[in-house]
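Structure first, commentary second.
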Amino acid sequence: MQYSKVILEHLENPRNVGEMIDADSFAEVVNNACGDKIKLFIKFGDKQIISATMKAYGCVPTISAASFLTEWLKGKTIKEAVNLEVDELISLLEGLPRGKRHAADLAIEALQRTLLSYKP
Amino acid sequence: MQYSKVILEHLENPRNVGEMIDADSFAEVVNNACGDKIKLFIKFGDKQIISATMKAYGCVPTISAASFLTEWLKGKTIKEAVNLEVDELISLLEGLPRGKRHAADLAIEALQRTLLSYKP
Amino acid sequence: MIETYLPSRVYLDNSASTKLAPEVLAAMLPYFTEQFGNASSIHSFGQQAKGAMDEARRQVATLIGADFNEIVFVSGGTEADNLAVRGIAENYRSKGNHIITSEFEHPAVRNTCASLEKQGFRVTYLPIYENGLVRVEDVKSAITEDTILISIMHANNEVGTIQPIREIGGLVKEIRLERKHLFFHTDAVQSVGKTPVDVKLLGVDALSLSGHKFHGPKGIGALYLRKGVRINPQVTGGRHEKERRAGTENVPAIVGLGCAAELAKENLLEFQNIALLRDYLEREITRLIPEIKFNGDKESRLPNIANISFSYIEGEALLIALDLKGLAVSTGSACSSGSTEPSPVLVAMGLSKEMVRGSIRFSFSRYTTQAEVDYVLSVLPEVVTRLRRVSPLYKQAMAIEQHKY
Amino acid sequence: MIETYLPSRVYLDNSASTKLAPEVLAAMLPYFTEQFGNASSIHSFGQQAKGAMDEARRQVATLIGADFNEIVFVSGGTEADNLAVRGIAENYRSKGNHIITSEFEHPAVRNTCASLEKQGFRVTYLPIYENGLVRVEDVKSAITEDTILISIMHANNEVGTIQPIREIGGLVKEIRLERKHLFFHTDAVQSVGKTPVDVKLLGVDALSLSGHKFHGPKGIGALYLRKGVRINPQVTGGRHEKERRAGTENVPAIVGLGCAAELAKENLLEFQNIALLRDYLEREITRLIPEIKFNGDKESRLPNIANISFSYIEGEALLIALDLKGLAVSTGSACSSGSTEPSPVLVAMGLSKEMVRGSIRFSFSRYTTQAEVDYVLSVLPEVVTRLRRVSPLYKQAMAIEQHKY
Ligand SMILES: Cc1ncc(COP(=O)(O)O)c(C=O)c1O
Ligand SMILES: Cc1ncc(COP(=O)(O)O)c(C=O)c1O
């Protein structure tokens, strides 16, 4: 259950916390088994994502993955965002302890759902 | 299994070891369960026991009890010798560890048998 | 990570394990280095080891009001529970098939009962109530003609509630006037050294304790077994511990356990003052942090445990965030492989899922200081606020941050 | 009691227990004092403990050629044997009901098999022969359709004979091509650290080892369990050791076991030289003392054990007399409550009652020196002579002292 530095740093300083009232797109995902929850909000520019915010409830990597994502998304194209895979996110987070993969799954699900619900 | 000083001292310096060729009386006793064996030889004077010798095989207190007895007997009357009881011998030996009472039993049996076979 | 004025990290997870007392370590050392004999050996190395074990057995017996021969050394609290529950159940199986325990036992008892169920025993799991206590009436009405064993823990490891063991013990004694083969075991792993424990006063037939919960070593524990109560040994082999538990005796650890027992006895009265520190923590937390809930009966509980649920946030996240501040606590929540196993104790006490997940246990030891508690109070509110700010469950309007880009 | 030229008492009972290596103690100490967390705790105290355990598991695995996850920490050799034998038997009961073991196993295996017999298992106890070895043919012909477990020790604890484990392992693998559920356990408590032990080479499915037999701590051991072999846990409770053994992990002892394993590996080659010292002892004893018998095969045995029977005298008396000279050894005779339980191993090897009673085991460690052996040689003849002189069994005419008064 050792968390990476990246994960711990995001826990201590979560980025872009909150609900974006003028978001272009938004999704809320829940892991029904454990109750973890992520809300993700994205604002899109012409070609790129301008900003993202989040709320997250659950264990450490759920919070940190959501926080990490909001930073990572800034400046990415939709295509780049859509192509982010769970394993890539995990390696960006410098790994996850055994049994915690579901946090990255949930974050990616939140991302996909937010992108999907974007109607430009 | 802590042995008393007396017992250990007799183990290191067993007294009156050997078979007395001119003994007045003699007995050999065996504990059939464990195989311990004591041979006791006594020479009687007018009123008192003049000397005793022994051979002993078995665990420590069997050897020491036999050795102790040969010293103790010297100068005792037959009556005194007959009246020596197991518990008294044990206390003269400064105690026996649990499970070792049979050594004193055997020594007393050897004594009784030797006294019994004495035909003055 | 930790403010420099603190001498070291702050450890408030003493119900999980405690620091070895320096006196205990000192007592153990000679048995590692010089007197390393096997206590079953009859030479002087062995006899020295044996003598030290005897002394430790006396010390442990004295702590709980037992007789020398009623103490069986085992490898820890878990094994003590196994030996008591499985050992008694198996031994008296011909007398009955029914076991009574509670919903909130430690897994060492609960899972052992569950494994006995698979072997055909019938097990009744008594409920506990909101206050974290079983009810004597429930025990009473659960007893049948077929009951051979009751196992109810003395103090609960998560909320610290102290169960009515003495009353149950009285009940058992009464029933035993008519039905000889009913036995009463209590898991006192959390209570020994923290609240008075006397096997005669409690009226128990078997009692488990564990060294590392009261500044003794890990890997050693003891089972009190009232004279006359027989058990099926669970570890078979040589004739150690009067044929109740085989295996070369762990002499240094046994010596350590004895020393820890003696220290616990000496410190027991003073230990009750820990409640003052604990109550101070609870009071200040109430003052500083809204929307919290204290878990477990306020009257009947150990002096050294505070169990608090923080709404809207997850225990593990709070725990790790506090750990980053150098503060060690524990949580009733454990989320692994995407499914949370919430503390069965708190669930049994009727807490909502969310309140179970947001629970944190602070557990004190006799080494806990006011300065350490003040440190907790200096970091906890900020960390709770931070995590609540992130939480989508946090409904307070003022707390929902809204971004505009 | 001891000649002043000797640095301290002479300990030649290393098969009973060994002295903790100073390096091992040094490795353990931090886990008593500073890093005392519960390895199941997720805070940093717990994670440090967990990390240390992982390292120790690697060290133990490396010593015996196993994989990290194939090591289960338990409370000692006895528990390892119990877990292997009872754990495998119970788990595979539906596949067969027959167990093969030998007449000369340690009680940890023998009595566990006996307890399984009571539960309805059929157990074959293979004979051993005068040389102290089982025969592979005997194993082969004992195997039936119903056999699920073979448990034969690697090196015997009394005479040090090394059994043909590798051959039996090959046999088992062959049979397993047709019958999947046949498992092979070896009790390697005496051999680990003394002779090469590689689970793959030996072809075993389970192997027991114990810390205190190779300068590690008491109260800790390990069971190697080949990947894919399942067991019924014997201590139930929390989910420690991948649910194979419950109970708070004994971190300092585990760290000590790991360190001892590493040291054993480093010293293994040199350890073989101990045989030179041992052979020197045997040679000199032959020269100095008549009417003795060496027990156990001369070729296939551990380098550190000599088992010798001294005619006409009792082992316990000899042992205590030597103890008074500061020399610790052990005996195969134990006379208690007036009945002698002679060593089942020596009896199984066909020794006469008297030779069994007169047997003494000298067991060396890597710390044993030439000076210590010379000390043995300086006291042993005199003590043997003294006790023989007392013995009524001693037939040599010259030795019968005759008194005349
Ligand atoms: C109430 C209770 N019972 C049993 C145990 C198990 O004891 P041990 O940790 O010594 O295995 C614990 C602690 O883990 C406990 O808190
Ligand atoms: C061959 C053998 N097996 C098992 C054991 C038991 O191991 P432990 O002493 O760790 O319980 C021993 C030693 O006592 C032994 O020599």
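Below, read A as the first sequence line, B as the second, and so on, with proteins coming before strands; counting in each chain starts at 1. Every value quoted in this text rests on a predicted model; they were computed, and no experiment measured them.
Of all residues spanning residues 359-367 of chain D, none has a heavy atom less than 4.5 Å away from chain C's heavy atoms. Of residues 76-86 of chain C, those residues with a non-hydrogen atom less than 4.5 Å from any non-hydrogen atom of chain D are, in numerical order, C/Thr78, C/Glu79, C/Asn82, C/Arg86.
In this structure, no portion of C/Ala253 lies under 4.5 Å from any heavy atom of chain D. If you measure heavy-atom distances from C/Leu29 to chain D, the contacts under 4.5 Å come from the side chain alone. Using a 4.5 Å cut-off between heavy atoms, C/Ser41 touches chain D through its side chain atoms alone. Proximity to chain D (any heavy atom under 4.5 Å) is shown, for C/Glu105, by neither the backbone nor the side chain.
Side-chain atoms of C/Thr236 and D/Asn111 form no donor-acceptor pair, as typed in the model, at a separation below 3.5 Å. Under 3.5 Å, the side chains of D/Ser75 and C/Arg245 contain a donor-acceptor pair of N or O atoms.
Your options are C/Ser40, C/Ser17, C/Ala328, C/Ser330, and the one with the most heavy-atom pairs under 4.5 Å with chain D is C/Ala328. Among the candidates D/Pro107, D/Pro252, D/Ala114, D/Pro22, the residue making the largest number of heavy-atom pairs closer than 4.5 Å to chain C is D/Pro107. Counting heavy-atom pairs closer than 4.5 Å to chain C, the top-ranked of the candidates D/Val24, D/Val109, D/Leu20 is D/Leu20. Ranked by heavy-atom pairs shorter than 4.5 Å toward chain C, the options D/Ala108, D/Ser44, D/Gly238, D/Gly247 are led by D/Ser44.
Closest heavy-atom contact between C/Val10 and D/Phe45: O-CE1, 4.4 Å.
Using a 4.5 Å cut-off on side-chain heavy atoms (C-beta onward), C/Phe32 and D/Met28 make contact.
Residue C/Ile42 holds its CD1 atom at 8.5 Å from CG of D/Asp323, rounded to the nearest 0.5 Å.
Shown here is C/Glu23, whose CD atom has more than 12 heavy atoms of other residues, nucleotides or ligands within 6.0 Å. Around CD of C/Glu117, the count of heavy atoms belonging to other residues, nucleotides or ligands within 6.0 Å exceeds 12.
Using cut-offs of 30° and 60° for the angle between ring planes, the C/Phe36 and D/Tyr11 rings count as perpendicular.
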* Asked: Going through the checks in order, is the side-chain contact (heavy atoms from CB on, under 4.5 Å) test met by D/Lys19 and C/Thr33?
  -> CA-CA 6 Å; D/Lys19 175 178 157 168; C/Thr33 51; over 6 Å; no
* Can D/His212 and C/Asn38 be said to form a side-chain contact (heavy atoms from CB on, under 4.5 Å), step by step? -> CA-CA 9 Å; D/His212 74 104; C/Asn38 186 320; 4.3 Å; yes
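Of the listed residues (C/Thr331, C/Leu319, C/Leu324), just one forms a side-chain contact (heavy atoms from CB on, under 4.5 Å) with D/His43, and that residue is C/Leu319.
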